[in-house]
Amino acid sequence: MSGEMISVRLEINNPRVRGEIENILSSTAGFHLQASDSSEACDLLILEIGEDLKQEFQLIRSLQSTGAAKAIFLTSPRLEPNVLIEALRAGAKEFFSQPIKGEEVRNALLKFKEGRMEIPSKTEKKKRGKIIHLMGSKGGVGVTTLAVNLAASLAQLDPSQSVALVDMNLAFGEIPIFLDIKSSFDWAELVKNASRVDSTFLKSILFKHPSRVSVLPSPAGLDGEVQATPEIIRKLLGVMQETFDFTVIDGGQSIDDLSLKILQMADQVMLVAILNLPCLTNIKRLLWTFQRMGFPAKEKVKIIVNRYQKNSMISLKEAEQSINHEIFRQIPNDFHTTMAAINQGKILSQVDGHSEIQKGIRDLAVSLLQRGRPEKEKTGFWSKIAR
Ligand SMILES: Nc1ncnc2c1ncn2[C@@H]1O[C@H](COP(=O)(O)OP(=O)(O)OP(=O)(O)O)[C@@H](O)[C@H]1O
Ligand SMILES: [Mg+2]
């Protein structure tokens, strides 16, 4: 018999019920009836109960736990609620009352077959989440502010998406201050446990912020033990991609061997600048460096102007001309709301969800959520929230 066939065993005393189910099985593609004296495990056992329920439910449990039957359908002439409840508790997938209804049995078999066909594709297909790397063109331009609130906006806008936030400022990371995190597992401990890092481990150790963002902060102080290597970064980000739909990285402004690894793996690099000459000069240098290195590709690099003011001495157009790259988004200047958020350890939406700065960051999050969605979805719900 082909390995694709679902093996079924019948343990049914009533000859009429047994005959009817045999007929249905033989006329439904994909099922193979096991011989009654077979000792092999089966994919599906259809079992008649009703004589000694206690013993029968005990049997069902042990058949499932030993793997002798991967799934069980029950049938019984008794239709008392307690029988149904017990059947459910014992892990039966379906219950057919008697006399059986052919249509009901056939539909249950087809549903079972469909479910089995879906399982391999679900488990085989690993998640490949997006890595969003935020980098400053200078110190103090707002990378942490944007990373924290972009991660929170992603999580809040779409509850189906899992989001992580990683602080790559290993020496002076400020995410614990921004999110009022008193103590949690941090980078130092992750480096010490690098060999154990997998999806389950990561999910269990990251700090769960109420916004639904899972956070990996940097250590509160340095003891010389944090020696992350590009290999550790590669492994960590690989596991992050399998675990989260979005991994937002507060990358500070350094270019070292660790950030190069992130730049190599990132799906999108957001270069944060403010509209002044030193920042624009640095952006030009960074873009030139990326071009020389061959990564990240130009289309992955998005320039974000932070602290934008309409009466700025340098216009957006002039800035674009000077760096020869499009400015993707501008986030308005709002010192009051950002400071209130930092001082209270809150995200911007908690301080003022209607502020222009929060709207700007939310707009950035929408642009990320829209990418990769089918065109028809972009015109529906997502287009409505994209301002
Ligand atoms: N859009 C904004 N409008 C006004 N102030 C802002 C804005 N974004 C950030 N700030 C303020 O700028 C200061 C620096 O912000 P932040 O710490 O996020 O920058 P950073 O790039 O992470 O700095 P560092 O290089 O020290 O890590 C903070 O006081 C913050 O409140
Ligand atoms: Mg910072």
Side-chain angles (χ1 to χ4, degrees), residues 132-154 164-181 186-187 209 211 213 215-222 226 247-256 258-259 262-263 269-276 278-283 285-286 302-314 316 319 327-365 367:
I132 314 297
H133 182 45
L134 279 87
M135 216 180 137
S137 50
K138 244 177 124 0
V141 291
V143 178
T144 306
T145 304
L146 296 190
V148 163
N149 290 288
L150 178 63
S153 295
L154 284 168
L165 174 65
V166 178
D167 195 345
M168 279 304 298
N169 301 271
L170 296 189
F172 300 108
E174 291 176 329
I175 284 179
I177 302 168
F178 276 67
L179 291 178
D180 193 23
I181 300 174
D186 60 42
W187 255 104
H209 186 263
S211 62
V213 175
V215 189
L216 178 64
S218 53
L222 280 186
V226 191
T247 300
V248 177
I249 299 177
D250 174 358
Q253 18 136 8
S254 62
I255 287 252
D256 54 22
L258 302 186
S259 56
I262 304 175
L263 284 169
V269 176
M270 295 190 169
L271 289 185
V272 185
I274 44 182
L275 281 185
N276 65 26
C279 270
L280 294 176
T281 307
N282 285 351
I283 292 275
R285 287 185 184 144
L286 280 169
K302 307 281 181 213
I303 312 292
I304 313 292
V305 165
N306 191 24
R307 309 196 64 167
Y308 176 66
Q309 301 184 76
K310 289 205 173 79
N311 55 358
S312 156
M313 283 180 58
I314 303 175
L316 288 170
I327 289 172
F328 184 62
R329 290 284 195 281
Q330 56 276 7
I331 308 294
N333 189 56
D334 184 346
F335 189 69
H336 178 76
T337 313
T338 53
M339 277 320 283
I342 295 173
N343 289 338
Q344 298 172 60
K346 288 184 174 169
I347 51 176
L348 292 170
S349 64
Q350 285 177 302
V351 174
D352 184 355
H354 299 292
S355 58
E356 288 302 311
I357 180 169
Q358 170 57 20
K359 281 190 201 156
I361 296 175
R362 198 189 66 164
D363 193 19
L364 205 54
S367 78

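Just follow the structure's listing: the first ligand is 1, and inside any ligand the first atom is 1. Keep in mind that what you see is a predicted model, and the values were worked out from it rather than measured. As a basis for the values below, the full set of heavy atoms in this structure was taken, side chains included, without hydrogen atoms, waters or symmetry mates.
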The closest protein heavy-atom partner of atom 30 (C) of ligand 1 is Ile342 CD1, 3.8 Å
Just which atoms of ligand 1 are under 4.0 Å from any heavy atom in Glu174? 17 (O)
Considering both backbone and side-chain atoms of Asn169, is one of its nitrogen or oxygen atoms within less than 3.5 Å of a nitrogen or oxygen in ligand 1? no
Check side chain to side chain donor-acceptor pair (under 3.5 Å) between Thr337 and all other residues, then give those that pass, not counting sequence neighbours. Asp334
Starting from atom 19 (O) of ligand 1, find the nearest protein heavy-atom neighbour and note its residue, name and distance. Gly142 N, 3.0 Å
Using distance alone, decide if ligand 1 has a nitrogen or oxygen within less than 3.5 Å of any nitrogen or oxygen in Ile331. no
Tell me: protein heavy atom nearest atom 27 (O) of ligand 1, and distance? Thr144 OG1, 4.0 Å
Taking both backbone and side-chain atoms of Phe178, is any N or O found less than 3.5 Å from an N or O belonging to ligand 1? no
With a cut-off of 2.8 Å, which protein N/O/S atoms are close to the Mg ion (ligand 2), if we only count those under it? Thr144 OG1
Sub-3.5 Å N/O-N/O distance, Lys138 and ligand 1: no
Backbone or side-chain N or O of Gly139 under 3.5 Å from ligand 1 N or O: no
Say whether Pro332 and ligand 1 are in contact under the criterion: heavy-atom distance to a ligand atom below 4.0 Å. yes
Which of the atoms of ligand 1 are close to Asn306, meaning less than 4.0 Å from one of its heavy atoms? 1 (N), 2 (C), 7 (C), 8 (N), 9 (C)
Between ligand 1 and Ile357, is the shortest N or O to N or O distance under 3.5 Å? no
Distance from atom 6 (C) of ligand 1 to nearest protein heavy atom, with residue and atom: Thr338 OG1, 3.6 Å
Considering non-hydrogen atoms of the protein only, which is the closest contact for atom 9 (C) of ligand 1, and what is the distance? Thr145 OG1, 3.5 Å
Contacting atoms of ligand 1, where contact means under 4.0 angstrom from a heavy atom of Asn333: 3 (N), 4 (C)
Can you sort out which atoms of ligand 1 are near Met339, meaning under 4.0 Å from one of its heavy atoms? 29 (O), 31 (O)
For atom 20 (P) of ligand 1, closest protein heavy-atom neighbour: Val143 N, 3.4 Å
How close does the nearest protein non-hydrogen atom get to atom 24 (P) of ligand 1, and which residue and atom is it? Gly140 N, 3.6 Å
By side-chain contact (heavy atoms from CB on, under 4.5 Å) - contacts of Ser211 (at least two apart): Ala152, Gln156, His209, Val213, Ile347
By side-chain contact (heavy atoms from CB on, under 4.5 Å), which residues pair with Asp250, not counting sequence neighbours? Val143, Thr144, Ala147, Asp167, Asn169, Ile175
Looking only at atom types and distance, does a side-chain atom of Gln358 sit under 3.5 Å from a main-chain N or O of His354, one as donor and one as acceptor? no
